[in-house]
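A short worksheet on the structure shown next.
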Amino acid sequence: MEIWLVILSSIFVSLLVHLLVRRRNSSSLPLPPDPNFFPFIGTIHWLRQGLGGLNSYLHSVHHRLGPIITLRITSRPAIFVANHSLAHQALILNGAVFADRPPAAPISKIITSNQHNISSGSYGPTWRLLRRNLTSEILHPSRVRSYSHARRWVLEILFDRFRKHGSEEPMVLVDHLHYAMFALLVLMCFGDKLDEKQIKEVEFVQRRLILSLARFNILNLWPKLTKLIMWKRWEEFYQVRREQEEVLLPLIRARKKMVQERKKKLGEEEEEYVQSYVDTLLDLELPEEEKRKLNEDEIVSLCSEFLNGGTDTTATALQWIMANLVKSPEIQERLHEEVKGVEGEEAPPYLKAVVLEGLRRHPPGHFVLPHSVTEDTVLGGYKVPKKGTINFMVAEIGRDPEVWKEPMEFKPERFMGEEVDITGSRGIKMMPFGAGRRICPGIGLAMLHLEYYVANMVKEFEWKEVPEHQVDLTEKLEFTVVMKHPLKARAVPRT
Ligand code: HEM
């Protein structure tokens with residue numbers, strides 16, 4: 001009874017808002033078409049199927065209404081763009097206007113210390129400072145080269161695990177990939193080679209946070225109400241965040257102490273020192289807040305963003321690529337022929353093609369993070385309002401049959417002899433890292449990690465399918481879009 005009352009009053013209120021907004025916009029351009037005359041009704045349909053239902057719902061709506069549509073999920077219109085040329089117009093040709101982020105929902109506000117991180121920060125001086133710090137101090141190619149010992153160290157850990165597991169039994173590869181990517185990024189973030197127990201603790205708190213976000217999302221809907229009727233879930237959320245702080249803060253403080261002691265000893269003989277992400281954050285001064293330094297809460301959020309941004313995405317992409325190599329032994333063999341004689345970290349052409357095809361066919365994120373515009377603007381003949389949210393559909397764009405022949409097939413050959421600009425600046429054909437001013441700053445590091453680990457895993461082992469665990473490419477939405485049935489294959493050492 002009460003549920004019906006809530007649904008009816010929501011429909012009534014949204015109808016009213018819908019009509020009012022229509023009237024206000026009638027003198028200017030319309031918003032992109034909305035599939036539902038009664039806002040929320042269509043959305044209830046896919047909400048019932050969970051977020052995974054959104055993809056197929058959007059696919060059918062785009063098919064009916066064209067490449068740019070509006071959905072009303074909350075009071076802000078959410079616009080979805082599924083076309084490469086519109087994405088280019090917005091993100092590259094009109095980049096500054098489309099570079100903002102919408103205000104964070106209550107849960108994200110807490111996780112991001114009030115949007116004081118890169119991915120959720122508004123387009124302005126603080127975002128610019130934080131992003132420039134990451135790209136120039138940690139992700140600059142020369143700095144990335146200086147972490148080559150870490151890549152090798154993690155490769156040895158991986159191979160050790162594969163050998164211990166043995167070649168007879170199939171293994172779930174993604175668990176090892178997650179651990180490996182965490183070991184690598186934890187080192188870049190906190191400096192020292194931590195021991196396995198510490199790395200596992202970091203991996204545990206970080207993965208628990210991102211995997212439980214879907215469960216906590218409901219708290220965003222009406223925080224004042226959910227704090228009353230769902231207080232237990234709020235408590236659970238605060239507990240997850242507290243436990244994250246309990247693991248990350250001691251690592252941050254230890255690094256701070258080390259940096260201070262190093263400053264005191266300046267001039268004396270230097271021990272070997274590789275700069276970590278935390279070191280770079282300690283000295284930053286926020287330009288919009290009387291040059292104050294970052295507090296511990298903000299440093300935790302930035303480290304958390306760095307760890308999650310670079311681990312789950314890369315491990316997911318690695319798993320999809322390896323799954324396709326197991327499924328197509330002839331592609332794996334061609335790749336092995338190419339990489340077996342290659343030393344060093346420069347990727348040969350077929351390896352590059354395999355990685356690009358993996359990112360096109362299975363982008364870890366099916367959408368870029370939500371964007372918003374700095375002023376009312378126009379896209380595809382429709383109005384994009386300042387307070388709206390605009391989403392770019394990465395998977396739809398990379399699988400567009402108008403652009404890609406047989407888009408659902410895994411064919412690295414399509415990239416051979418053809419230069420594809422993955423940043424999209426000269427035209428977008430695929431955009432697994434986004435495009436324009438908010439493009440993933442980790443793009444160079446991610447490509448290096450993908451090429452390096454795919455090449456070495458194939459060089460050292462032959463990956464074989466097991467009849468009881470045939471490769472199944474069905475997708476499932478977690479933090480990224482992962483394999484619903486994780487890859488289980490045998491790793492046979494090559495002699
Ligand atoms: C295969 C690996 C990766 C993929 C597919 C990926 C993908 C993306 C995408 C789609 C975005 C959103 C772009 C937008 O909103 O327009 C993004 C943003 C971001 N990524 Fe990545 N990423 C990867 C690896 C990394 C790595 C290694 C790091 C850092 C170490 C990183 C850090 C970030 C950050 C900080 C942002 C926010 C940028 C901003 O808002 O200005 N990512 N990434």
Would you name the heavy atoms of Cys303 and Ile252 that are closest together and state the gap between them?
SG-CD1, 4.3 Å

When you measure from the side chain of Glu296 to the backbone N and O of Leu249, does any donor-acceptor pair fall under 3.5 Å?
no

Is it the case that the side chains of Tyr350 and Glu337 hold a donor-acceptor pair, with the cut-off being a distance below 3.5 Å and no angle test?
no

May I ask you to decide whether Lys484 forms a salt bridge with Asp472, counting only side-chain N to carboxylate O separations under 4.0 Å?
no

Lys/Arg-Asp/Glu bridge criterion (N-O < 4.0 Å) met for Arg334, Glu330
no

With the threshold set at 4.0 Å, does a side-chain nitrogen-carboxylate oxygen contact exist between Glu468 and Lys488?
no

Cationic N near anionic O, under 4.0 Å, Lys200 to Glu196:
yes

Just by distance, do the side chain of Arg361 and the backbone of Met408 share a donor-acceptor pair under 3.5 Å?
yes

If you take all heavy atoms of Val205 and Gln244, which pair is closest and at what distance?
CB-CA, 3.9 Å

Report yes if some heavy atom in the side chain of Asp312 is under 4.5 Å from a heavy atom in the side chain of Arg207; otherwise report no.
yes

So, does Ser60 use its side chain to make a donor-acceptor pair with the main chain of Tyr57 at under 3.5 Å?
yes

Student check: side-chain heavy atoms of Leu307 and Val202 closer than 4.5 Å
yes

Could you tell me if the side chain of His62 sits less than 4.5 Å from the side chain of Phe80, heavy atoms only?
yes

Just do the side-chain contact (heavy atoms from CB on, under 4.5 Å) check on Leu177 and Gln319 with the steps written out, would you?
CA-CA 8 Å; Leu177 297 176; Gln319 178 180 219; 4.3 Å; yes

What one should report as the nearest heavy-atom pair of Ile68 and Val81 is CD1-CG2, 4.1 Å

Please determine, by modelled atom types, if Gln239 and Glu235 share a side-chain donor-acceptor pair under 3.5 angstrom.
no

Where Pro441 and Leu139 come nearest, the two heavy atoms and their spacing
O-CD1, 3.3 Å

So if I apply the ring pair (Phe, Tyr, Trp, His ring centres under 6.0 Å) rule between Tyr277 and each of Phe306, Tyr147, Phe190, which one comes out positive?
Phe306

Out of curiosity, Leu487 CG to Lys327 NZ, how far, rounded to the nearest 0.5 Å?
11.5 Å

Measure the spacing between OG1 of Thr311 and CE of Met181 and express it to the nearest 0.5 Å.
9.0 Å

Lys/Arg-Asp/Glu bridge criterion (N-O < 4.0 Å) met for Lys429, Glu418:
yes

Please determine if Glu475 and Arg399 form a salt bridge, counting it only when a charged side-chain N lies under 4.0 Å from a carboxylate O.
yes

Before giving the answer on side-chain contact (heavy atoms from CB on, under 4.5 Å), spell out for Ile110 and Phe237 the whole-Å C-alpha distance, their side-chain angles and the decisive distance to 0.1 Å.
CA-CA 10 Å; Ile110 296 167; Phe237 166 69; 3.7 Å; yes

Using atom types as modelled and distance alone, determine if a side-chain donor or acceptor of Glu462 lies under 3.5 Å from a backbone N or O of Pro493.
no

Quick check: do Ile397 and Val403 have side-chain heavy atoms less than 4.5 Å from each other?
no

Under 4.5 Å between any side-chain heavy atoms of Arg360 and Arg414, yes or no?
yes

Would you sort out whether Ile79 and Ile69 count as a side-chain contact (heavy atoms from CB on, under 4.5 Å), showing the intermediate values?
CA-CA 6 Å; Ile79 293 170; Ile69 60 148; over 6 Å; no

Glu245 versus Val300, closest heavy-atom pair with distance
CG-CG1, 4.3 Å

Residue pair Trp234 / Thr226, side-chain donor-acceptor N/O under 3.5 Å
yes

Aromatic rings Trp320 and His362: how do their planes relate, parallel, tilted or perpendicular, breaks at 30° and 60°?
parallel

Do you know which two heavy atoms are closest between Arg437 and Ala99, and how far apart they sit?
CB-CB, 4.1 Å

Using the ring-ring contact (aromatic ring centres under 6.0 Å, His included) rule, take Phe392 and His371 through it: C-alpha gap first, then chi angles, then the decisive distance, then the call.
CA-CA 8 Å; Phe392 296 89; His371 284 235; 5.6 Å; yes

Check the angle between the aromatic planes of Tyr453 and His449 and answer parallel, tilted or perpendicular using the 30° and 60° thresholds.
perpendicular

Determine whether the side chains of Glu465 and Gln470 contain a donor N or O and an acceptor N or O closer than 3.5 Å.
no

Surrounding CD of Glu346 (heavy atoms of other residues, nucleotides or ligands, distance under 6.0 Å), is the total greater than 12?
no

So, do Gln275 and Arg143 sit near enough that their side-chain heavy atoms are less than 4.5 Å apart?
yes

Donor-acceptor pair, distance only, cut-off 3.5 Å: does the side chain of Ser301 make one with the backbone of Ile111?
yes

Residues Lys232 and Glu236 bridged, charged N to O under 4.0 Å:
no

When you measure from the side chain of Glu357 to the backbone N and O of Lys411, does any donor-acceptor pair fall under 3.5 Å?
yes

I'd like to know if the side chain of Gln198 and the backbone of Asp195 have a donor-acceptor N/O pair within less than 3.5 Å.
yes

The test is side-chain contact (heavy atoms from CB on, under 4.5 Å); show your working for Leu134 and Leu130 and say whether it passes.
CA-CA 6 Å; Leu134 175 64; Leu130 295 173; over 6 Å; no

Do the side chains of Lys459 and Met457 get nearer than 4.5 Å, heavy atoms only?
no

With the side chain counted from C-beta on, respond yes when His88 and Ser85 share a heavy-atom pair under 4.5 Å apart, and no when they do not.
no

Look up atom CZ in Arg233 and atom OH in Tyr238, then write down how far apart they are to the nearest 0.5 Å.
14.5 Å

Determine the interplanar angle of the Phe159 and Phe162 rings, folded into 0 to 90°, and report it as parallel if under 30°, tilted if 30 to 60°, perpendicular if over 60°.
tilted

Between SG on residue Cys189 and CG on residue Leu302, distance to nearest 0.5 Å
9.5 Å

With rounding to the nearest 0.5 Å, note down the distance linking NE2 in His366 to OG1 in Thr480.
9.0 Å

Do Ser113 and Asp297 have a side chain donor and acceptor closer than 3.5 Å?
yes

Do Ser304 and Arg241 meet the criterion of a side-chain donor-acceptor pair at a distance under 3.5 Å?
no

Can you establish whether the number of heavy atoms outside Leu369 located under 6.0 Å from its atom CG is more than 12?
yes

Residues which pass salt bridge (charged side-chain N to carboxylate O under 4.0 Å, His left out) with Arg131, listed by chain and number, not counting sequence neighbours:
none

Judged by atom type as modelled, is there a donor-acceptor pair below 3.5 Å linking the side chain of Glu298 to the main-chain atoms of Asn117?
no

Please determine whether the number of non-hydrogen atoms from other residues, nucleotides or ligands lying under 6.0 Å from atom CZ of Arg426 exceeds 12.
no

Taking the six-membered ring of Phe461 (Phe, Tyr or Trp), confirm whether the NZ or CZ of Arg490 is under 6.0 Å from its centre and within 45° of its axis.
no

Looking at Glu460 and Arg494, does any basic side-chain N land under 4.0 Å from a carboxylate oxygen?
no

Is the closest side-chain donor-acceptor distance between Arg101 and Tyr123 under 3.5 Å?
no

If you measure from CG on Leu71 to CG on Asn391, what distance do you get to the nearest 0.5 Å?
9.0 Å

Are a donor atom and an acceptor atom from the side chains of Glu396 and His59 found within less than 3.5 Å of each other?
yes

